[in-house]
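Data block below; observations after.
A quick note: this is a predicted structure, and the numbers were derived from the prediction, not measured. A note on names: the letters A, B, ... follow the listed sequences, proteins ahead of strands, and every chain is numbered from 1.
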Number of protein chains: 2
Amino acid sequence: MVVSRRGAPSRAPRGLSKTPDHRILVGDCVNEMSKLPAGSVDLIFADPPYNLQLASDLKRPDDSHVDAVTDDWDKFASFAAYDAFTKEWLTACRRVLKPAGTIWVIGSYHNIFRVGAIMQDMGFWILNDVIWRKTNPMPNFRGRRFTNAHETMIWASRDPNAKGYTFNYEALKAGNDDIQVRSDWTFPLCTGSERLKGADGKKLHPTQKPEALLARVILSSSKPGDLVLDPFNGTGTTGAVAKKLGRRYIGLEREKKYASAAEKRIADVEVVPSPSIAPFMTAREAPRVAFASLIERGLVSPGAKLTDSKKRHKAIVRADGAISVGETVGSIHRVGALVQGLDACNGWSFWHVETPKGLMSIDDLRAQVRSEMALLEAAE
Amino acid sequence: MVVSRRGAPSRAPRGLSKTPDHRILVGDCVNEMSKLPAGSVDLIFADPPYNLQLASDLKRPDDSHVDAVTDDWDKFASFAAYDAFTKEWLTACRRVLKPAGTIWVIGSYHNIFRVGAIMQDMGFWILNDVIWRKTNPMPNFRGRRFTNAHETMIWASRDPNAKGYTFNYEALKAGNDDIQVRSDWTFPLCTGSERLKGADGKKLHPTQKPEALLARVILSSSKPGDLVLDPFNGTGTTGAVAKKLGRRYIGLEREKKYASAAEKRIADVEVVPSPSIAPFMTAREAPRVAFASLIERGLVSPGAKLTDSKKRHKAIVRADGAISVGETVGSIHRVGALVQGLDACNGWSFWHVETPKGLMSIDDLRAQVRSEMALLEAAE
DNA sequence: CGACCCTCTGAATCACGTT
DNA sequence: CAACGTGATTCAGAGGGTC
C-alpha cells in the first residue's frame, strides 16, 4: 500500500476497497466521466483525437452530422465541431478534477491552439506549455515545410490562482543534475518493443506515446497514491506508467479493442519498489521551528551576537527570540532585511553565530533541532 | 538593385521608385495597413503584445527586482478584448498579404493559443508551429513551475492549400549539415551589444528579439527583393535583418521613440553581398544528458543500487532521477558529496552500477545515451 | 594578458498558513 | 476574506574589476 510519509493513506486499504486501483471503463469518455464523483481526480492526462476524420464523426453545435472533410467549407465546419467536442470533454474533466488537481493535454498544431484557447475560456489556468522534442521525428517527405519534430503539451490548474497543486520541483531538479527542468523535453518516439502490435504485426494504435514522456508528466505533477485519469486511454500508456509509479488509474476508452489490449498491458506492469518513489521532505514542507526554540534548547544564548557571513552586520539575541540592532528590535527576518536595506530577507540563512567549530548559520542550528525532533517522533 | 532570384525585378528600378526600400510608418498598425494596397506583401512577421497578466512584482532569490513587461500596450481588459484586437490586426494583415504570401506570429502560452485558433478561424492555413528554444531563459525563481524556456511561432499561408509559397528547403538543408531543418530552433536571447539601449543605458524595448531568429525566418520563407512587413516594428529587428538579407521592409510602429531608434538602426545596416545561409544555421549544441534520462531510457532501473568504485557507499535510484541514502534524497552530485563529507562531488564519475559486464560508472552509461542520440539525429 | 570573482539581467500569468 | 508574517527560491551569459 502506498502511504504518504506524513500521515494517512491517500486511499482506502486494499482489503476494504471495492474498486480496483487500475481500471478501464469502456464507453464514451464524457458519459463515463459523468458517473464519476466530482472533485475526485488528482491528475488528468489527455491525448485527444485531432485529425479531421475523427472530428467528422462528431456533431456540429446544432447537432447536425458532419459527414465529410473534403472541401474548405467543411474544414471550417469541422473546426466548430471539434471545438464543441473539446468543450464537452474538458467540461467533464473539470468537474471530476480536485480543486488542486491539474490537467495535461497533448496535441499538435492541428488542434492544440483551439484546445488551449478553449481551456483558457473555460477558466483553466495554464501553468506551462511544454514541448516534447522528438529525437527521431518523421521527416517531411515533400520538402515544403520544416520537419514537424515536436508536440505541445498544456499543463493547467483547474482555476486561476489555484493553491497547492502538486509540482515535485526538488525531485525533478535533483534528477536533472541540480538544474531546474525546462519547458522543452527531449524523448524518442515510441518504437521497438515498447510499441504495441496487433495480431497482424502492425502497430496497434496510431498515436501511442512513449512511456518516458508519461513518466515525467506523472512524476512531476502527482504523488504516489494519487488518482490519475486518462479520458482517451488508447493503448493505456498513462495507466501502465501510473501503475508502475504507484499511482491509481482510471482510463476511459470507446473501443473495446484498445481497452482490452490496455488492460492486459497494465496487468503485466510491476510497480517499482516503493522507496524509489517515496515522497521526501523538502525544505518547503519541513516542520516549522521558531527561532525562540533555538534559545530554549540552549543552542543560542540570550545576549549572543549574530553576524552575517561576512561579518558586516551585527545583532544581539534577545531572550524572547527577537533580535536587536541598536534601538531596532524585530524578527531575524525583519532585522536582516532592515540592515541590508531590502524589503525581505531569510533570516535563517542570513544570520550566523560564532561557535567552537567556527561561524555557523542559524539555519544549520535549526537543522540540528529538526533532526532531534525527528528522532523523538520516531521513538514515539 | 535587389532583384528576385527568378527573373524580373520584384519592384520598380530605384530611380523611378518614389518609396524607399526600407521604411517605418508611425501610427496604429491596423490604420496604417489600410493605406497599403491589398495583396502587396510577401512575408509578414508579427510580434504582437503577449497579454501577460500578472501585475504583482517578481523578485529573484537575492531580492533584486525583475524588470517585467508592464507597458500599457500589453494591457487588455479580458480575453475577449485581446481576441478582438487580434482579429483586427490579423484581418488587416490578411488583406495586404499576397495570395502566396505567408505570415509568422510569435507568442507565449499567454496568447499563442488564442492567436492560433483565431488564425485558423479566419482561414489562414498553418504550415508549421516552430519552437524557439532559448539557451539562456530566465529561471523560474519560485520553483513552482517548469522553466519557461521557449516561445512559439506560427507559420501560416493566407489560404488553405495555398500554392507557390516560398520555402527555401534546399538552401536551409544545405546550411544545416544536409539535414532537414526541424520545427525547434535553438537560439540565445538578445543580450549584450545587440540589445538596443536607451539614454539611461537600460534596454530600450522590453521584448527585442534576436537577429538570428529573424534571419532564419526571413531566409526560410522569403526571397531577395521580397517585401517584408512587421506590424509591430518595435526596435526594428525584422527590418534590420530584412535589409541585411536584401529584402524590402515596411515596419509599423505606434511609438515615435521606437520608430526613430529603429530607423537609425536600419540605416546603419549593411546589405550582405550575397546572402549566405551557413552563418545563421548555428551548430547544434552537444546534448546535455540528465541522470533521469538514463532511467527514462531503461539503462538504470528505479530501485537499482549505486555504489562508488570501491563499494564503500550505497545509494538507491529513485524513479524521478534523484537518489537516496537512508532518509537523504538528492541529486547524484549532492548525495555523493554528502556520503563523502565533501562540499562537492561529480556524481557521474563517483557512482557505479552493477551490470552483466561488471561494475560500470554511470558516466559510461551516459556515453551510451549520447551516442544513441547522435545516431538518431544523424539518421533523421 | 589571463584567471578569477562579483554584479547584473532576461516577454514571468512564480507561497502559504495564521490571524 | 483580507492583511500579515515567515521564509523558500535562480540559470546562462555578458561585462567590469582585481590580482
Look at all strands and tell whether [X] reaches a base, only sugar-phosphate, or nothing, counting heavy atoms closer than 4.0 Å.
X        : value
A:Asp129 : nothing
B:Pro137 : base
B:Arg144 : sugar-phosphate
B:Arg195 : sugar-phosphate
B:Asn148 : sugar-phosphate
B:Pro210 : nothing
A:Arg284 : sugar-phosphate
A:Ser349 : nothing
A:Gly164 : sugar-phosphate
B:Asn51  : nothing
B:Ser108 : nothing
A:Pro160 : nothing

Query - Proximity to the side chain of B:Ser64 - top-ranked nucleotide from C:dT9, C:dA11, D:dT10 - result: C:dT9
Query raised in the report: So which nucleotide from C:dA11, D:dT6, D:dT9 ends up closest to the side chain of B:Tyr50?
Result: C:dA11
Does [N] have its OP1 or OP2 closer than 4.0 Å to a side-chain nitrogen or oxygen of [X]?
X        : N      : value
A:Ser331 : D:dT6  : yes
B:Lys202 : C:dT9  : yes
B:Asn136 : D:dC11 : no
A:Lys163 : C:dA15 : no

Between [N] and [M], how far is it from one [atom1] atom to the other, in whole Å?
N      : M      : atom1 : value
C:dA11 : D:dG15 : C1'   : 23 Å
C:dA12 : D:dA8  : P     : 26 Å
D:dT9  : C:dG10 : P     : 25 Å
D:dG16 : C:dC1  : P     : 16 Å
D:dT10 : C:dC8  : C1'   : 13 Å

Query raised in the report: Does NZ belonging to B:Lys197 count more than 12 external heavy atoms closer than 6.0 Å?
Result: yes
Query raised in the report: For B:Asp268, does the CG atom sit with more than 12 other heavy atoms under 6.0 Å from it, leaving out its own atoms?
Result: yes
Query raised in the report: Is it true that B:Lys134 and A:Asp184 make a salt bridge, defined as a side-chain N closer than 4.0 Å to a carboxylate O?
Result: no
Do the ring centers of [X] and [Y] come within less than 6.0 Å of each other?
X        : Y        : value
A:Phe291 : A:Trp351 : no
B:Phe232 : B:Trp73  : no
A:Trp185 : A:Trp132 : no

Query - Length of the CG-C1' vector between A:Asp184 and D:dA12, whole Å - result: 14 Å
